[in-house]
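What follows is one structure encoded as structure tokens, with my remarks underneath.
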Amino acid sequence: MIKESEALNEFRTIRKNLPEYLKKIDKPVMGYFETYVPEEIIYAAGMHPLRISPNDRQIAVGGSKIESFACSVSINFLDQLLNGTLSFLKGVIFSRYCDSLRAIADIWQENSGDSFYHFIPYPTILTVESINFLSGELKKLVNHISGYFNIKIDEEMLTEAIRISNKKRLAVLKFYDLIKKGKIVINSADFFSIISLATIMDSSEYTQKLEQLMQQTELTDDRSIENSIKVAISGIMLESTQFFEIVDKTGMRMVTDDLMFGSRAFKELVIKTKEGPYHAISKRYLSKIPCSTKGNIDLRIDELIKDCKEAGVKGVIFYLVTFCDSEECEFPILRKRLQAEGIPVIGLEGGYRVSSEGQFLTRLEAFAEQIGEEL
Ligand code: SF4
């Protein structure tokens, strides 16, 4: 009988009781919505960077404030901002990411009152000029935070924040590697919980818990998951525990991902450059495996194919958030490239939470049967 991992149970508890965890954070909390906002700058300011995730509540006010082209994830974000769910935040930082979030940023700018608000105009390409441009914009962000909260943020503080974030990234990458190599066997729902918390929890606490978890290779007594069918899950803002539980119910198991807050958020480190920390941070964020909102699809697909091969994946589940135009554009190309590599793909579409479990379950069971036969 294996003693269930204490660290795993702690991660599960935090994920299930996120509002409780957030209440206990003893620093001012700064919110952001996607992983292009550099958490290093928020840490350097002595604040807690919180990636805001869609919650389970039914949308109430957000939908009436925005054009119908906006996706349900962004409407949920707006709802949380307007209905007071996020009133504990000291401020919110947006960056140029997608049209829906751009609209949310504009609405929130009008409604944020005295709360800190900042928008980072973000280049999409990686060139010497774009790195310099982003460095300048990040300096403006630091000046804005410093002036607004009357705090000092110097290069030494930034360097320390970079060290903390890089340490977390290395731990997360090691975790992915252990799962890919089969040295840690974990179900999709737990894998999702742990990874999604990396940009929600305090970085040092998270890294410590993850390192503790990785010391124990057998995390649970559940032997059934060892023979499950290995899959990758691709998408952007798929943050529904229920969805990952459905995948587990079908006998499939996520062993790698291609998600905005997942592997794409950790693959690059901030490497010191002679131009200083702003330049180093800018270079890192512009070199990230790109989300569909940023273009350069080849880089994303090449990386996904590499991960699938390394992890021995039998199929890819792609989840499209309805009205997410950039994902809708990339999916056919992604599917074609994966199929050319002999990797079957299923595309599912839905909102920020699973509304029809039965439908997803049936389609995923059929996919599991298909790729299971091809083993
Ligand atoms: S799901 Fe797509 S459209 Fe919606 S907020 Fe995320 S990136 Fe933007």
Side-chain angles (χ1 to χ4, degrees), residues 31-37 50-59 61-83 85-86 89 92-109 117 119-124 192 195-196 198-200 233-244 257-265 285-286 288-297 299-301 304 317-335 347-355 360:
Y32 65 96
F33 298 92
E34 33 73 22
T35 50
Y36 281 81
V37 171
L50 173 68
R51 183 181 58 79
I52 296 156
S53 48
N55 65 12
D56 277 342
R57 286 174 56 173
Q58 190 81 34
I59 288 168
V61 286
S64 61
K65 304 273 181 199
I66 192 165
E67 296 292 339
S68 54
F69 67 77
C71 75
S72 60
V73 173
S74 62
I75 298 174
N76 179 279
F77 289 157
L78 182 61
D79 218 43
Q80 292 188 62
L81 285 165
L82 294 175
N83 71 15
T85 306
L86 299 175
L89 298 177
V92 178
I93 301 173
F94 290 88
S95 80
R96 194 175 76 77
Y97 187 71
C98 70
D99 289 348
S100 292
L101 275 182
R102 177 74 242 209
I104 304 301
D106 288 345
I107 296 170
W108 185 238
Q109 187 176 19
Y117 166 94
F119 183 88
I120 309 171
Y122 224 97
T124 46
F192 155 73
I195 291 309
S196 66
T199 37
I200 291 175
I233 297 188
S234 173
I236 198 157
M237 293 181 176
L238 169 58
E239 199 132 1
S240 157
T241 308
Q242 197 190 350
F243 182 82
F244 293 88
D257 75 66
D258 163 48
L259 296 167
M260 176 273 287
F261 59 85
S263 67
R264 292 207 297 269
Y285 280 86
L286 289 171
K288 253 159 55 73
I289 304 300
C291 289
S292 51
T293 56
K294 301 287 178 180
N296 200 348
I297 184 170
L299 198 54
R300 176 186 179 188
I301 301 177
L304 175 58
I317 300 167
F318 181 89
Y319 188 90
L320 171 70
V321 175
T322 306
F323 294 136
C324 182
D325 295 345
S326 58
E327 285 287 275
E328 208 169 339
C329 289
E330 286 206 349
F331 175 55
I333 306 166
L334 189 135
R335 180 174 50 194
L348 301 172
E349 183 176 340
Y352 68 100
R353 58 182 191 168
V354 174
S355 51
F360 283 140

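Counting convention: from 1, in listed order, for ligands and their atoms alike.
Atoms of ligand 1 lying under 4.0 Å from any heavy atom of Ile236, numbered from 1 in the order shown and given with element: 1 (S), 7 (S). Remark: ligand 1 atoms within the under-4.0 Å shell around heavy atoms of Tyr97 are 7 (S).
Stacking of Arg102 on the aromatic ring of Phe119 is recorded, both the 6.0 Å distance cut-off and the 45° axial limit being met.
Test Met260, Arg300, Met237 against Cys291 for side chain to side chain contact (heavy atoms under 4.5 Å, CB included) and you get one pass: Met260.
Two rings, from Phe33 and Tyr97, have their centers 6.0 Å or more apart.
Not a single N/O/S atom of Cys324, whether from backbone or side chain, sits less than 2.8 Å from atom 4 (Fe) of ligand 1.
Other residues, nucleotides and ligands place more than 12 heavy atoms under 6.0 Å from the CG atom of Asn55.
Atom 6 (Fe) of ligand 1 has as its closest protein heavy atom Met237 SD, 2.7 Å. Shortest contact from atom 4 (Fe) of ligand 1 to any protein heavy atom: Cys71 SG, 2.2 Å. Atom 8 (Fe) of ligand 1 has its closest protein heavy atom at Cys98 SG, 2.3 Å.
Here the shortest heavy-atom pairing between Tyr122 and Leu286 reads CE2-CD2, 4.0 Å.
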